[in-house]
Amino acid sequence: MKAAAVPNRGILPGFGLTLGITIFYLSLVVLIPISALLFNSTGLTWGKFAEVATDPRVIASYKVSFLTAGAAALVDAVLGLLLAWVLVRYDFPGKNIFDSLVDLPFALPTAVAGVALTSIYAKTGWMGSWLAQLGIEVAFTPLGIIIALMFIGIPFVVRTLQPVLQELEADVEEAAATLGSGRVRTFFSVILPQLAPPLVTGFALAFARGIGEYGSVVFISGNMPLKTEIAPLLIMSKLERFDYAGATAVAIILLLISFLLLLGTNLLQRWIRKNAG
Amino acid sequence: MKKSLKKAVIAGVVLSLTVAVTACGSGGARSGSGSKKIELLNVSYDPTRELYESYNKAFAAYWKEKTGQEVTIKQSHGGSGKQSRSVIDGLDADVVTLALGYDIDAIQEAGLINEGWQSKYEHNSAPYTSTIVLLVRKGNPKGIKDWDDLIKDGVEVITPNPQTSGGARWNYLAAWEYAIHHNNGDEEQTKEFMKKLFANVPVLDTGARGATTTFVERGIGDVLIAWENEAMLSMKELGQDKFDIVYPSESILAEPPVAVVDDNVDKRGTREAAEAYLQYLYSEEGQTIAAENYYRPTLESVKEKYKDKFKDIKLYTIDEEFGGWAKAQKEHFSDGGIFDQIYTPGR
């Protein structure tokens, strides 16, 4: 009857409009630029694509990009968990300042971070000269790239973990303690399973950020082809020579691999959530 | 109530879009040459910032006196290739003053600059020139005198990557040209020379300023391959007591060219002023400003005045040594080109 004419609307009004705006802006800001990249590949033929994809220098740059971004995100996951834990669980003087400091890497232009890190970690810098005596070279090696990416990625981990940690009730831990489990066991079988999904999210965000990072890395990496050259730099270098097709090819491969890796981490996260729940 | 909220949201969205659209469109609202005020945009590369800051003032005064028209000149600086791409993508440049002809050729290919731009002004449309020199630490501890000292064991050479930096292509070609002269034109031996040279490079910066920072401020490397004007500027900024400039026995004549962006000036009606802007670079005053900013003047009278400042060494041009930029670019810096072969084994 009359009631049937009314479509099944949600309880909250305005879904149609908000979804419309959402899709509109998502298209404007994300979808259109990315599809333009895919379609506007000036003169990109399959032959050219294959040639770029199998170029040893390109392959080496992917290895550098993905390995350093992965390593940095892993370290960030551990350090970020520690940082978030301290910020949520303890009170100490200056905590607010400490908490705000975590966001700084977001605000700082990455190139500035790169320049600063390079001057600290170069053989002549104050950390670098000290490390050089121990036989560790940081600047202009993959280790330098990892440090730059750690700096860029750490806020992602901390900020995804913080709210979840805040929600965790201390009484669950207390109950575990009453039932006779030690600190270590409580951590691994009570706390960690609940933290695993946000931890994976934080890792994925830091990882994704690291793959595309350009500004901070070009200064500290030394940009040596086959050794410390990152994929984004290779894209820039091809653009500099007006090789739009080549640059697009490198970018498409980078996007594809990143998408697969991120899809993988998302699935992993779902699986963890299901099994932990 | 609910309806008015909806309206407000729609109005807000429409408004924000209108603002965005008009903001994009307002770039074209510049006045033509007939009016009293005019604005020019000079799209240039990084190290010319100081040069054009002084030149723009001089030109504005000259133009005001000559035509009564007030001209303000805006400057845009960045890597030469990147700047060229911005113009191709629609940056409203009236004139471009870039690091190498290849970058202007690219704008010509996009249809924005008429063919034959390079013969429009004297000296291949390069009003001032420079060359590539070697900057070493004070007292020259490694005893560097010429290009072949750069391939010795234990010498660290700093130069940017020629595939990402237009300026660095001159560095590379200067070394190549020396090597080919000293190996009786043997290309294989010259490649070996370049391979050894780049094996001595511990850091490949993406741009010339980055390489200068690495060498000057971070204290890395024994010798910096640099444009003469950058080397002189570093000396001035950081003190004569820290570095020495070594002039190699021969080098390349770096000719940073200039061109009017025909399509843009015709659209905007700024051709007259834009052409005068470039022409005036060749005048006594323009040349003096170039020389004061460490670029080699091309006008004989000014050349004579500054002959102590710029040491006379044998300089070769791109055209006579490499058959022009397009050819040099293709042979050396394209994918699979000679620079790639130096780095990628088995190609």
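Each chain gets a letter, A, B and so on, in the order the sequences are listed, and its residues count up from 1.
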Flag if over 12 foreign heavy atoms under 6.0 Å of CG, B:Asp89:
yes
Is it the case that the side chain of A:Glu240 and the backbone of B:Gly81 share a donor-acceptor pair, with hydrogens and angles ignored and the cut-off at 3.5 Å?
yes
For the backbone of B:Phe333 and the side chain of A:Arg241, can you confirm whether one donor and one acceptor N or O come within less than 3.5 Å of each other?
yes
Shortest non-hydrogen contact between B:Tyr343 and A:Leu226, atoms and distance
O-CD1, 3.2 Å
When the 4.5 angstrom heavy-atom criterion is applied to A:Ser221 and chain B, the contacting part is neither
I need the residue from B:Glu217, B:Arg85, B:Lys82, B:Glu109 with the largest number of non-hydrogen atom pairs under 4.5 Å to chain A.
B:Arg85
Run the side-chain contact (heavy atoms from CB on, under 4.5 Å) check on B:Asp105 and A:Phe242 step by step: do they pass?
CA-CA 11 Å; B:Asp105 283 335; A:Phe242 307 101; over 6 Å; no
Assess the residue pair B:Val203 and A:Asn223 against the criterion (side-chain contact (heavy atoms from CB on, under 4.5 Å)); give the C-alpha distance rounded to whole Å, side-chain angles, the decisive distance to 0.1 Å, and a yes or no.
CA-CA 7 Å; B:Val203 187; A:Asn223 306 320; 5.8 Å; no
Looking at A:Met224 and B:Pro202, what are the two nearest heavy atoms and their distance?
SD-O, 3.7 Å
Quick check: are there more than 12 heavy atoms from other residues, nucleotides or ligands sitting under 6.0 Å from NZ of A:Lys227?
no
Look at the side chain of A:Ser237 and the backbone N and O of B:Thr164, then say whether any donor-acceptor pair between them is shorter than 3.5 Å.
no
What part of A:Val115 lies closer than 4.5 angstrom to a heavy atom of chain B: side chain, backbone, both or neither?
both
Flag side-chain contact, heavy atom, 4.5 Å: A:Pro225 against B:Ile342
no
Output, in order, the C-alpha distance, side-chain angles, deciding distance and verdict of side-chain contact (heavy atoms from CB on, under 4.5 Å) for B:Asp335 and A:Lys48.
CA-CA 11 Å; B:Asp335 277 321; A:Lys48 173 87 184 167; 4.2 Å; yes
With side-chain contact (heavy atoms from CB on, under 4.5 Å) as the criterion, how do B:Thr206 and A:Phe219 come out once you've worked through the C-alpha distance, each side chain's angles and the decisive distance to 0.1 Å?
CA-CA 8 Å; B:Thr206 49; A:Phe219 292 100; 5.9 Å; no
Near B:Glu115 CD, under 6.0 Å, is it more than 12 heavy atoms from other residues, nucleotides or ligands?
no
In terms of heavy-atom pairs under 4.5 Å with chain A, the winner among B:Gly166, B:Gly219, B:Ala106, B:Ser80 is B:Ala106
Are B:Ile220 and A:Lys123 side-chain neighbours, meaning at least one heavy-atom pair lies under 4.5 Å?
no
